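Please read all numbers here as calculations on a predicted model, not as lab measurements. Every number for a ligand or one of its atoms is a count from 1 in the order of the listing. Start at 1 with the first residue, then count along the sequence.
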Amino acid sequence: MNPILQALTDAVGKDYVSDQPEEMYFYARDPGLMPPHRPDYVVVPKTVEEIQAVVRLAHREKIPIVPMGAGMALTGLVIPLKGGIVLDMKRMNRILEVNEKARCALVEGGTSQGFLKAYLDGHHPRLRHSIPDSPGTATIAANLMIHGQGRLTQQYGFNSDMVSGLEVVLPSGELCRIGSCAVSPDWFSKGAPLPDLSGLFLGWFGATGVLTKIAVKLYPKKKLRDVEIFLTDREELVPAMVYELTHTEMVEDINVFAQPKPLIFAGNHHIALFFTGDTDEELEFKRKLIWHALDPFIKSKDGGFMGIPPVMKPTLLDMPQRSVSRFADVKRGGGFEYSGPIILVDKYPQCTRKIVELAAKYDLGYSGMARIIGRGHCMMYGFAFTFNRADPDMMERTRKALHEVSEFALQIGGVFWKPTVEEQQMALEKMDPNTRALMKMIKQNLDPLGIMNPGNWEVA
Ligand SMILES: Cc1cc2nc3c(=O)[nH]c(=O)nc-3n(C[C@H](O)[C@H](O)[C@H](O)COP(=O)(O)OP(=O)(O)OC[C@H]3O[C@@H](n4cnc5c(N)ncnc54)[C@H](O)[C@@H]3O)c2cc1C
């Protein structure tokens with residue numbers, strides 16, 4: 001056996017390491033559009049000590065190492081661009097503690113969104129976390145790494161704003177605690193009142209360390225949840241509508257979508273509003289305020305509420321929402337990819353016109369979707385295109401359309417979300433040079449050998 005494989009076997013056990021071609025095939029790719037690249041090894045550790053042993057080996061031998069959750073980020077962030085070791089986190093999936101009164105959950109670095117949701121539903125029915133619409137297997141750690149957004153984002157910001165502590169294996173193999181847990185046994189803050197060091201890790205795509213424990217904030221889960229859809233064909237009015245809605249502070253989540261299919265959706269922008277209550281009275285009170293906020297647009301005949309057919313409601317209220325992957329017909333080999341810049345809400349009309357233009361230019365199916373972040377502080381505008389994996393020409397057209405989206409997004413003031421390596425370089429090029437130098441300093445100090453998820457956030 002080659003000595004690296006032997007050392008990895010010693011670290012995690014023979015059943016949890018592989019260099020076999022059939023496994024390398026799968027770990028070479030993600031479900032998005034990026035070209036594959038094979039790793040040399042895959043390991044699936046169970047403990048923090050095993051991760052430390054693997055990272056120390058990688059450090060000693062200068063082998064690249066790529067942490068991986070479920071591989072659902074879609075933009076190639078887990079593709080081992082320079083080979084090396086893929087560190088599959090799926091066995092680190094324990095929920096270590098839920099503090100009901102402090103509304104906090106402490107989980108391991110490979111715990112999935114679906115697992116935490118199911119656990120809370122079963123054991124703490126009055127608590128919930130900000131679950132994204134990715135498949136339930138997607139991990140909490142990875143979603144924080146990419147500053148994801150979930151069902152509570154309109155109220156509380158990015159999911160990574162809802163963190164209250166981290167444990168990290170540094171690229172040297174040392175273990176480090178970030179936040180209140182560095183001083184106290186309690187995990188209640190990722191920074192304040194200390195200097196907030198969580199920014200050395202969150203958003204870096206594993207290029208500065210491996211998250212092994214995360215404390216996430218939980219929020220009240222009300223007994224009832226409902227959805228309304230407001231329709232308008234006036235895209236230029238969508239920002240004003242969102243402004244009025246966020247002013248009510250009554251809405252849990254706001255998603256705006258516009259797509260030509262199915263036909264029932266064609267020609268309109270749909271503002272989906274989710275709200276909750278412990279009683280019918282609370283729900284109706286919120287509904288009234290929401291209706292009232294949009295009343296002027298109804299009176300001016302610029303929009304109206306859509307009667308949601310009862311069969312559609314469960315789909316809309318689903319968490320995570322499965323309709324996203326249905327739209328791409330994934331089961332029959334279809335795929336979808338989206339570039340989602342974070343951008344001001346008043347850029348909605350420009351974004352929506354651009355997606356229509358690109359879909360026509362490249363002959364692609366599309367869905368434009370905006371998730372409001374904070375009380376209208378910004379939004380994630382997803383330019384999503386569908387493709388048929390068996391059609392290389394269509395895949396190429398999708399790539400070209402997404403490249404145009406990237407250029408457009410930067411040009412109108414957007415900042416890429418979960419950027420591909422190419423987009424990371426575009427962002428670094430546009431970045432204030434002193435900020436870029438600071439990023440370089442951080443990366444070089446934490447990972448002087450450049451072994452952590454190489455290619456990502458590499459500052460030349
Ligand atoms: C149908 C669909 C819907 C989606 N909807 C949403 C949505 O509503 N909101 C949203 O935010 N996203 C969404 N996504 C995007 C993405 O799936 C999620 O953000 C998801 O949380 C990513 O988790 P993952 O485990 O698949 O990440 P991965 O792709 O495995 O990893 C992402 C990044 O995190 C790094 N990483 C993983 N684990 C660790 C660790 N323990 N330590 C250090 N680095 C690590 C990886 O190296 C990589 O850089 C959606 C995706 C799909 C396919």
Hey, is [X] one of the residues with a heavy atom under 4.0 angstrom from ligand 1?
X: Met380; value: no
X: Gly209; value: yes
X: Gly71; value: yes

Say whether [X], considering both its backbone and side-chain N or O atoms, lies within less than 3.5 Å of an N or O atom on ligand 1.
X: Ala73; value: yes
X: Gln113; value: no
X: Asn159; value: no
X: Asn143; value: yes
X: Met72; value: yes
X: Lys418; value: no
X: Pro132; value: no

Quick one: which ligand 1 atoms are inside 4.0 Å of a heavy atom on [X]?
X: Asn453; result: 47 (O), 49 (O)
X: Ala141; result: 41 (N)
X: Thr139; result: 21 (O), 23 (O), 24 (P), 25 (O)
X: Val78; result: 28 (P), 29 (O), 30 (O), 31 (O), 46 (C), 48 (C)
X: Val210; result: 42 (N), 43 (C)
X: Met89; result: 41 (N)
X: Gly109; result: 41 (N)
X: Gly148; result: 11 (O)

- Task: Measure from atom 38 (N) of ligand 1 to every heavy atom in Gly69, Ala70, Ser160, Gly382 and give the option owning the shortest one.
- Result: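 It is Gly69 whose heavy atom sits nearest to atom 38 (N) of ligand 1.
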- Kindly identify the option in Thr212, Leu211, Asp30 whose heavy atom sits closest to atom 42 (N) of ligand 1. Leu211
- Query: Quick one: CE on Met306 to CD1 on Ile229, what's the gap to the nearest 0.5 Å?
  - Reply: 4.5 Å
- Rounded distance [0.5 Å steps], CH2 in Trp204 versus NZ in Lys443: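 Here the rounded value is 7.5 Å.
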- Item | Considering all heavy atoms, the nearest Leu57-Ala7 contact |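 Minimum heavy-atom contact is CD1-CB, 3.7 Å.
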- Query: Closest heavy-atom contact between Ile372 and Thr153?
  - Reply: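 The pair with the smallest heavy-atom distance is O-CG2, 3.7 Å.
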- Do Phe383 and Tyr366 have their ring centres less than 6.0 Å from each other?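 Here the rings of Tyr366 and Phe383 have centres that are no less than 6.0 Å from each other.
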Out of [options], which residue meets the side chain to side chain contact (heavy atoms under 4.5 Å, CB included) rule with [X]?
X: Arg91; options: Val44, Val12, Val43; value: Val44
X: Tyr219; options: Arg151, Arg103, Met162; value: Met162
X: Glu167; options: Leu211, Ile178, Val48; value: Val48

- Query: Using a heavy-atom cut-off of under 4.0 Å, does the side chain or the backbone of Trp417 touch ligand 1, or both, or neither?
  - Reply: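 For Trp417, only side-chain atoms sit under 4.0 Å from ligand 1.
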- Message: Side chain, backbone, both or neither: which applies to Asn456 and ligand 1 if a contact is any heavy-atom pair less than 4.0 Å apart?
- Response: neither
- Item | CA sep, side-chain torsions, deciding dist, call: Gln149, Trp417, side-chain contact (heavy atoms from CB on, under 4.5 Å) | CA-CA 10 Å; Gln149 309 104 47; Trp417 174 53; 3.1 Å; yes
- Query: Where the side chain of Glu108 meets the backbone of Asn93, is there a donor-acceptor pair that is under 3.5 Å apart?
  - Reply: yes
- Item | More than 12 heavy atoms from other groups under 6.0 Å of NZ on Lys400 |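 12 or below, so no.
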- So which of Glu396, Glu404, Arg399 actually passes side chain to side chain donor-acceptor pair (under 3.5 Å) with Tyr362?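 Among Glu396, Glu404, Arg399, the one that satisfies the side chain to side chain donor-acceptor pair (under 3.5 Å) with Tyr362 is Glu404.
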- Residue pair Leu358 / Leu364, side-chain heavy-atom distance below 4.5 Å: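 No. Closest side-chain heavy atoms not under 4.5 Å.
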